[in-house]
Amino acid sequence: MKKHNILIIGGYDPTGGAGVIADAKTAKILGVNPLTITTSIIPQNNRAVYDKMDIPKKIIEEQLEAIFEDFDVSVVKTGVLNKDAIDLILKYKRHYDFKIVCDPVLKSTTNYKFVDEDLLRRYIDLFNESYLITPNEEEFNTIINFIEKNNLWGNIDKNPYILITGIDDKLTTLKDKGIIETIKGKKIDKEVHGTGCVFSSAIASFLCKGEGLREAIKKGKDVVLASVIYATKTKYNYNSNPTYINKEKVIKNLSYALYLLKKIEFSLIPEVGSNIAESLLLPNSFKDVAALTGRIIKNKLGGFYIVGDVEFGASEHIAKIILTAKNYNPQIRACMNIRYEEDLIDALSEKFSISSFDRKLEPPNVSTMEWGTKYACEKFGGVPDIIYDKGGDGKEPMIRVLGVNTIEVVKKVVEIQKIYDHI
Ligand SMILES: Cc1ncc(COP(=O)(O)OP(=O)(O)O)c(N)n1
Ligand SMILES: Cc1nc(C(=O)O)sc1CCOP(=O)(O)O
């Protein structure tokens with residue numbers, strides 16, 4: 001089966017939040033083999049870019065020669081470039097058949113200028129040979145104004161796609177400029193270093209795997225959203241954390257979580273049975289939530305049965321908990337209900353964050369799961385590890401364990417069972 005090789009050519013960010021490391025992480029999680037060539041060493045963090053040292057042209061060329069001698073490359077994704085790098089990419093483009101996805105990084109989000117007018121003039125030749133260019137709105141306007149001001153339209157005989165990136169992305173082409181399609185996005189209020197790199201390398205990776213342009217953009221958008229939601233906190237801000245949550249990933253997590261559960265003597269099973277569920281990112285309905293079509297139920301010998309299969313749309317109660325909790329913390333995508341025990345809650349308070357709701361305070365005509373989860377999260381100021389209630393008329397008291405995925409939830413349940421067994 002053909003190996004998908006993507007060649008990433010860009011600058012080196014030692015924090016891995018942007019540059020060739022961020023690009024390679026993105027390609028790797030998407031199942032593409034990342035080959036990387038460094039054009040410059042750029043000491044930086046989320047506070048500033050401190051310097052930029054260009055790699056000598058000879059070394060860039062030797063990196064290119066080493067790769068093309070030994071690998072077939074279907075997509076080249078470019079980040080921070082210098083004139084030597086552009087000259088060499090165009091030289092190899094004349095001899096090898098690969099698509100170029102060009103992310104025109106003109107300056108960093110910390111306002112360090114990577115491109116002067118002399119280099120931007122050379123970029124125009126690279127744009128002309130590119131399949132897709134991914135500027136943000138400011139970079140797009142700078143590029144078009146530069147072409148107009150310097151009367152460079154004559155240098156452009158091809159018509160590459162342009163994706164003007166933002167919360168919503170606008171697909172156009174360099175020459176036509178009319179909007180072909182707008183790809184809607186979701187705003188997450190968090191400034192994350194490297195999102196542009198992750199987005200363009202995700203699109204390039206999906207193209208490398210044979211996806212069409214629109215599908216690659218839409219899936220790339222999902223990667224960036226997850227990478228922002230699960231971004232890594234640093235002292236000054238956040239670093240991108242390339243992450244891709246799709247149905248395959250959710251089902252794999254749930255299957256492994258059930259595998260882990262079967263390894264323990266799980267006895268905290270409520271009369272109604274337990275379910276365990278995990279959702280896609282920012283789920284819109286119970287159809288975006290996978291769970292058991294049956295339940296986890298006690299057997300007569302003190303053990304338990306896992307009844308049913310894992311399917312999307314299989315849960316009602318646990319799905320409502322996840323759908324509500326995501327509004328307080330979009331990282332939380334999983335939950336499992338277990339039996340309530342009076343003295344267990346106290347024993348858990350040292351290791352777990354806990355909130356609760358009281359069914360006696362429940363207003364009429366509401367969904368208990370939605371109202372209760374909302375009540376507990378607002379009381380806690382976010383999403384706790386555990387939400388419990390002490391039951392009500394004909395309603396069994398319950399403990400609900402929440403987490404970023406079902407593997408994390410089951411590991412919490414294993415810890416809770418251990419604590420319960422030693423009370
Ligand atoms: C080596 C390197 N490459 C790219 C960038 C740009 O990253 P950032 O400043 O976070 O901008 P976006 O990727 O978010 O557009 C960089 N700083 N260093
Ligand atoms: C019946 C019930 N009540 C729960 C609660 O948290 O109060 S969890 C639960 C069982 C799980 O239900 P499902 O399979 O619809 O997600």
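Both ligands and their constituent atoms are indexed starting at 1 by order of listing.
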Using a strict cut-off of less than 4.0 Å between a Lys/Arg side-chain nitrogen and an Asp/Glu carboxylate oxygen, indicate whether [X] and [Y] qualify as a salt bridge.
X	Y	result
Glu378	Lys374	yes
Lys52	Asp54	yes
Lys411	Glu415	no
Glu211	Lys218	no
Asp125	Arg122	yes
Glu138	Lys107	yes
Glu362	Lys360	no
Asp389	Arg400	yes
Lys390	Asp358	no
Glu215	Lys209	no

- Against heavy atoms of Ile318, which atoms of ligand 2 measure under 4.0 Å? 8 (S), 11 (C), 16 (O)
- Numbered in order shown, the ligand 2 atoms found under 4.0 Å of a heavy atom of Glu316 are 13 (P), 15 (O), 16 (O)
At what distance is the nearest protein heavy atom to [atom], and which residue and atom is it?
atom	result
atom 3 (N) of ligand 2	His317 CD2, 3.5 Å
atom 18 (N) of ligand 1	Gln44 NE2, 2.9 Å
atom 7 (O) of ligand 2	Arg400 NH2, 2.8 Å
atom 12 (P) of ligand 1	Gly196 N, 3.5 Å
atom 9 (O) of ligand 1	Thr109 N, 2.8 Å
atom 7 (O) of ligand 1	Ala18 CB, 3.5 Å

- Closest to atom 16 (O) of ligand 2 (heavy atoms only, candidates Ala319, Ser315, Cys335, Pro397) is Ser315
Interfacing atoms of ligand 1 (cut-off 4.0 Å, heavy-atom, [X]):
X	value
Gly194	8 (P), 10 (O), 13 (O), 14 (O)
Gly19	1 (C), 2 (C), 3 (N), 4 (C)
Ile42	1 (C)
Gly11	1 (C)

- Query: Do any nitrogen or oxygen atoms of Ser108 lie less than 3.5 angstrom from nitrogen or oxygen atoms of ligand 1?
  - Reply: no
- Thr195 N/O to ligand 1 N/O under 3.5 Å: yes
- Could you establish whether Cys197 and ligand 1 come within less than 4.0 Å of each other, counting only heavy atoms on the residue side? yes
- Query: Mind checking whether Val105 has a heavy atom under 4.0 Å from ligand 1?
  - Reply: yes
Between [X] and ligand 2, which part of the residue brings a heavy atom under 4.0 Å of the ligand: side chain, backbone, both or neither?
X	value
Arg295	side chain
Lys395	neither
Asn337	side chain

- Ring centers of Phe98, Tyr131 separated by less than 6.0 Å: no
- Query: Does an N or O from Ser274, backbone or side chain, lie closer than 3.5 Å to an N or O of ligand 2?
  - Reply: no
- Query: Does a sphere of radius 6.0 Å around NZ in Lys57 hold more than 12 heavy atoms from other residues, nucleotides or ligands, not counting ones at 6.0 Å or beyond?
  - Reply: yes
- Task: Please work out which of the three classes, parallel, tilted or perpendicular, describes the rings of Tyr92 and Phe68, given edges at 30° and 60°.
- Result: tilted
- Message: Looking at ligand 2, would Met369 count as a contact under a 4.0 Å heavy-atom criterion?
- Response: yes
